[in-house]
Amino acid sequence: MATESLDLFEESGAPQADYVVGTVSAVFFASNDSFYKVMLVKVSETSMDWHEDEIVVTGNFADIKDDVTYRFTGKRVEHPKYGVQFQADNYQNETPTTRNGVVGYLSGDDFPGLGKKTAEKIVDALGTNAIEEILNDPAVLQPLGLSPKVSATLISQLQTNNGMEQIIIGLNGYGFGSTLAAAIYNRYQEKTLDVIHENPYQLAEDINGVSFRRADQIATQLGYEADKPERLRAGLLQTLNDLSVANGDTYTTAKPLLANALSLLENSRNVRLDPAKLADELLELAKEQKVVGDDQRIYLKTLYDAEWQIAENLQRLLKADDSPAKFNDDAIRKQLRIVEKQGDIVYDESQTAALTAAIQAKVMLLTGGPGTGKTTIIRGLVNLYARMHEVSLDINEYKEKPFPILLAAPTGRAAKRMSESTGLPAGTIHRLLGLTGREDNLDEAATNDLEGGLLIIDETSMVDVYLMKTLLRAVPVGMQVVLVGDKDQLPSVGPGQVFHDLLASDQLQKIQLDTIYRQEDGSSIIPLAHAIKSGKLPADFTKNQKDRSFIACHANQVESVIDQIVQKAHAKGFSASDIQVLAPMYRGSAGIDRLNVVLQDILNPKKSERTKEVEFRNQKFRIGDKVLHLVNSPENNVFNGDIGVITGIDLASDKHSEVKSDQLTIAFEQTEVTYARNDWNRLTLAYCMSIHKSQGSEFKMVILPMVGQYNRMLQRNLLYTAVTRAADMLILLGEPRAFEACVTSLGVNRNTTLTTRIQTVLDPDGTPAEPDEPVETTSTVETETPAPAAAPTTAAVETPEPATADGTSTDTPEPTTPTDYRLTPELVLSRKIDPMIGMQGVSPKQFMPSV
DNA sequence: CCCACATT
């Protein structure tokens with residue numbers, strides 16, 4: 001057999017990769033949901049300067065056998081915790097090609113009943129490529145007179161060993177590249193090709209990254225007819241996903257769903273389909289429990305359940321008798337004074353009220369804009385908790401037992417900030433729960449049970465419904481939960497607007513922080529932010545202020561105006577790290593990519609022909625460039641969104657170079673990291689960055705262009721987020737109409753029903769609010785918190801009337817069980833519920849695009 | 001059109 005190369009994974013971008021040849025003597029770790037493995041390899045040959053027998057090899061490997069010799073290619077890395085490792089990006093089965101090798105392989109453990117003698121006989125007859133010969137045509141064994149049993153074992157074992165390769169070849173035939181092929185194989189294993197033949201649309205349903213259209217192309221190859229029910233259902237699911245999840249909504253309605261699905265199904269095959277059949281398949285999906293209809297709304301089942309489960313888990317935590325220890329206010333104040341003394345801080349009345357409420361609450365929402373002291377409250381709460389409960393905050397004392405306070409955030413960066421501000425360990429929510437971030441289905445994913453007394457989540461506005469459901473499910477009764485966030489920031493990447501909806505439900509205790517502590521009086525940036533929040537630009541918007549100015553220009557002038565501003569600022573002593581240009585999108589003449597090129601030329605020009613420079617994906621990197629790190633690398637203490645400066649470029653082609661591949665060295669605030677060329681996709685120029693990426697950072701001077709070109713990005717919370725990144729100076733430029741468009745178009749406009757679910761579960765007697773006409777919901781919240789003028793107001797601590805702050809809400813009747821709303825097959829079949837899920841009085845004809 | 005999460 002020829003050397004087997006799975007060639008399944010991304011090939012190395014490095015000019016020359018190192019290699020290690022050897023056998024796997026132990027597997028230290030094998031991921032459940034990917035091919036990732038950490039293995040100990042007995043080295044027989046290597047290109048590296050390595051004098052030990054064994055080395056730890058990491059990477060993605062499929063079918064590792066302990067008696068097979070592999071050739072791993074990749075690079076040597078230094079893991080901060082585990083020392084030297086070999087990071088393989090490719091590997092091959094070094095299948096024997098010599099006579100002895102083949103004989104050894106065939107007489108090995110893989111082939112029971114086949115001894116050395118028989119193996120020699122086979123090789124003598126068929127040659128050193130005997131394995132390939134047998135696989136091509138098992139009949140070649142016949143003349144050898146092997147026992148039928150031995151011969152059958154031999155053939156089937158060889159086929160199994162090569163099955164994976166066959167499947168990968170099959171997947172390649174359908175046009176799947178290495179990454180997707182690995183994901184598909186991982187999901188179906190040896191059944192992969194059967195699944196695809198049976199129903200190619202299964203791929204679209206199960207595999208992230210396979211769309212309906214992709215599956216439909218395969219189905220066409222396989223001769224699937226256009227009106228097959230599987231096809232119609234797949235089109236409906238894809239459309240449901242496009243209309244809800246992709247927009248951040250948790251549901252859609254029948255009319256757009258059927259109309260869009262019909263056009264998707266018809267256009268991708270250029271056929272006409274019967275809308276009635278499509279409506280039938282929608283009902284079928286409901287019976288299969290893949291979608292749920294509720295009133296006029298249609299949900300993906302997982303999203304429907306997630307909303308209910310968030311509400312139910314909140315109820316579980318709030319209703320529990322196991323209430324947090326009761327303290328009297330005097331005792332709290334006494335301890336608070338000690339905390340103040342130790343922290344060299346004085347809490348004002350609103351902060352004292354906030355801390356006093358939070359220390360006793362089962363579930364507490366804490367919201368406020370930038371500079372309103374959320375971090376101060378978190379730090380104070382941690383210390384107050386330790387004093388009230390007489391627990392130590394020294395993690396060294398918790399070698400055996402769990403730390404009583406859990407701190408987590410949805411992003412690595414926010415977690416790092418949390419850890420820095422409290423001096424306590426903090427991590428991502430995923431890590432807290434033991435999730436890998438690649439789970440197909442958070443329902444099936446096993447999560448850690450949380451232990452401890454207090455859980456604080458920061459940046460809660462970035463948590464989507466799936467993650468919130470999974471998080472709350474893991475919280476034990478009696479653990480206090482404090483959710484901190486800024487409801488006016490950008491919503492989560494995933495579906496829902498959980499933090500907004502929790503606040504809007506009015507069923508949970510909340511603290512609204514309004515007092516601005518961070519900026520001195522006379523600032524006009526914070527009042528601007530508040531004006532934006534309330535939906536209008538201030539009258540002085542275009543007038544220049546001490547800390548803010550506006551320059552009107554058209555999209556094609558943005559480049560030159562920014563050029564001039566930055567030249568001046570640079571001359572005045574602002575460094576590249578002080579100045580941050582923010583923009584909503586990458587493309588276009590006023591997009592991030594273009595502006596980065598312009599800014600790089602001003603702030604870090606190529607000074608001479610000899611200036612070192614490397615090129616990567618249309619970007620040039622030079623020493624001194626400001627760059628953005630795009631993924632989490634906790635082992636280096638560098639996180640998605642961190643900004644650094646290139647301090648070194650080492651070219652492999654340099655005469656004196658000691659490196660084997662080109663390397664960049666980047667200095668971050670606390671650490672310096674070296675990147676081989678393979679890792680450069682983790683970097684991008686950062687003179688201009690997306691507003692989304694800037695969330696959670698602050699800059700001395702923010703330069704913010706806004707033009708009609710950004711069209712659908714022009715939203716209120718986007719502008720709010722950008723403006724609130726500026727600590728000292730804000731320079732706005734562009735088209736006044738674009739800024740107007742931002743404030744008038746509501747950022748928070750996702751269609752969700754979480755608010756209603758919470759109200760139903762926590763306050764079943766209350767007036768059932770009709771869900772969640774987004775405009776109404778938002779205005780409700782805003783009237784509660786009248787946008788303050790520049791004058792600071794106090795924090796409002798609200799305890800909802802029917803809620804359970806004192807843990808004695810036993811008079812609350814049992815909540816209406818959500819099951820009543822669910823469209824189960826039983827209900828459909830028993831005709832207790834009209835299965836037409838909100839389509840009453842609507843004939844499918846109405847969904848037809850008018851021809 | 002923008003966006004997060006991970007493994008010994």
Side-chain angles (χ1 to χ4, degrees), chain A residues 26-41 55-61 77 79-87 186 208 242 245-248 408-416 427-442 445 447-448 457-468 470-471 489-498 582-588 590-593 628-635 639-642 684 689-696 708-715 717-719 721-722 745 747 750:
Chain A
V27 176
F28 291 150
F29 171 81
S31 166
N32 288 323
D33 43 23
S34 77
F35 288 128
Y36 183 79
K37 289 180 184 64
V38 181
M39 316 182 298
L40 189 62
V41 170
I55 190 168
V56 173
V57 175
T58 67
N60 295 295
F61 315 106
V77 293
H79 191 287
K81 199 161 146 198
Y82 303 103
V84 175
Q85 301 185 326
F86 189 76
Q87 202 178 78
N186 187 43
N208 228 336
D242 292 347
V245 184
N247 292 328
T411 66
R413 217 179 122 68
K416 183 169 77 170
T428 61
I429 298 173
H430 281 80
R431 186 171 279 220
L432 183 73
L433 295 171
L435 298 170
T436 66
R438 293 154 111 212
E439 285 78 9
D440 291 330
N441 184 343
L442 282 181
T447 53
N448 302 335
I457 303 292
D458 200 1
E459 297 285 4
T460 309
S461 62
M462 298 166 93
V463 178
D464 67 24
V465 277
Y466 291 127
L467 189 58
M468 184 57 86
T470 312
L471 173 66
Q489 281 197 23
L490 297 163
S492 55
V493 173
Q497 43 183 10
V498 175
L582 301 177
M585 58 193 267
Y586 287 89
R587 285 191 341 210
I592 295 163
D593 290 333
L628 184 66
H629 183 88
L630 297 168
V631 297
N632 284 346
S633 308
E635 72 276 13
F639 295 88
N640 186 350
D642 282 355
T684 184
M689 67 194 272
S690 76
I691 297 173
H692 280 85
K693 285 273 179 203
S694 76
Q695 183 154 244
Q709 188 187 90
Y710 304 145
N711 52 48
R712 56 165 127 198
M713 300 298 293
L714 299 175
Q715 293 193 343
N717 47 9
L718 194 87
L719 179 59
T721 302
S745 115
R750 294 185 168 184

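Values below: every heavy atom of this structure, side chains too, minus hydrogens, waters and symmetry copies. Each chain gets a letter, A, B and so on, in the order its sequence line appears, and its residues count up from 1. Quick caveat, the model's predicted, so the values are computed rather than measured.
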Length of the line joining [X]:[atom1] and [N]:[atom2], which is rounded to integer Å:
X      : N     : atom1 : atom2 : result
A/R712 : B/dC3 : CZ    : P     : 15 Å
A/L628 : B/dC3 : CG    : C1'   : 13 Å
A/D593 : B/dC1 : CG    : P     : 13 Å
A/L630 : B/dA4 : CG    : P     : 8 Å
A/F29  : B/dT8 : CZ    : P     : 5 Å
A/R413 : B/dC3 : CZ    : P     : 14 Å
A/L714 : B/dC2 : CG    : P     : 13 Å
A/N632 : B/dT7 : CG    : C1'   : 14 Å

For [X], report the nucleic acid contact type (base, sugar-phosphate, nothing); a contact means any heavy atom under 4.0 Å.
X      : value
A/Y710 : nothing
A/Q695 : nothing
A/P584 : sugar-phosphate
A/G412 : sugar-phosphate
A/M585 : sugar-phosphate

Please compare A/F639 and A/Y586 by the position of their nearest nucleotide in DNA chain B and report the one closer to 5'. A/Y586
Residue whose nearest DNA chain B nucleotide is more 5′ - A/N247 or A/M462: A/N247
Can you tell if the side chain of A/D464 reaches within under 4.5 Å of the side chain of A/V498, non-hydrogen atoms only? no
Can you find a side chain N or O atom of A/R431 that sits less than 4.0 Å from OP1 or OP2 on B/dC5? no
OP1, OP2 of B/dA6 versus side-chain N and O of A/T428: anything below 4.0 Å? yes
Using the side-chain heavy atoms of [X], tell me which of these nucleotides is nearest: [options].
X      : options             : answer
A/R587 : B/dA4, B/dC1, B/dT8 : B/dC1
A/D464 : B/dC1, B/dC3, B/dA4 : B/dA4
A/V493 : B/dC3, B/dC5, B/dT7 : B/dC3
A/V38  : B/dC3, B/dT8, B/dC5 : B/dT8

Polar pair under 3.5 Å, donor/acceptor by atom type, side chain A/H430, base B/dC5: yes
What distance separates A/K416 NZ from A/T428 OG1, expressed to the nearest 0.5 Å? 14.0 Å
Which residues pass the side-chain contact (heavy atoms from CB on, under 4.5 Å) test with A/Q87, sequence neighbours left out? A/T58, A/K75, A/V77
Quick one: side-chain contact (heavy atoms from CB on, under 4.5 Å) partners of A/D242, sequence neighbours excluded? A/Q238
Among A/N640, A/D642, A/N632, which residue meets the side chain to side chain donor-acceptor pair (under 3.5 Å) test with A/R413? A/D642
